[in-house]
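Note that the numbering runs from 1 along the sequence shown for the chain. Keep in mind the model is a prediction, meaning the values are calculated, not measured.
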Amino acid sequence: MTQNLTIGERVAWYRRRRGMSQDVLAGLVGRTDDWMGKVENNRIPLDRLRSSVCLLIHSTYRSAT
């Protein structure tokens, strides 16, 4: 499903799938919701490593709630 998405679109897709707001995910990775919005809209480049970290933190947060 996500193989044709950009990294930013993939972060947004997984975030929405987990029912998390940009504000919450941004806080978990130590950034602002404005930064997260720019990442998701591909206005700030995000390498695969950072993307994986965002998704890992996101998954860990969801499992804990």
| field | Contacts of E40 that satisfy side chain to side chain donor-acceptor pair (under 3.5 Å) - sequence neighbours left out | value | R15, Q22
| query | Side chains of V29 and M36: closer than 4.5 Å at any heavy-atom pair? | reply | yes
| Lys NZ or Arg CZ of R31 over W35 ring: under 6.0 Å, within 45° | yes
| With N42, which residues qualify under side chain to side chain donor-acceptor pair (under 3.5 Å), at least two apart? | T6
| field | Atom pair CZ (R10) and CG (L5), whose distance is rounded to the nearest 0.5 Å | value | 6.0 Å
| query | In chain order, what residues pass the side chain to side chain donor-acceptor pair (under 3.5 Å) check against D34, with sequence neighbours excluded? | reply | K38
| query | Would you say the side chain of M20 lies within less than 4.5 Å of the side chain of L28, judging by non-hydrogen atoms? | reply | yes
| message | Within the 4.5 Å heavy-atom criterion, are V11 and L25 side-chain neighbours or not? | response | yes
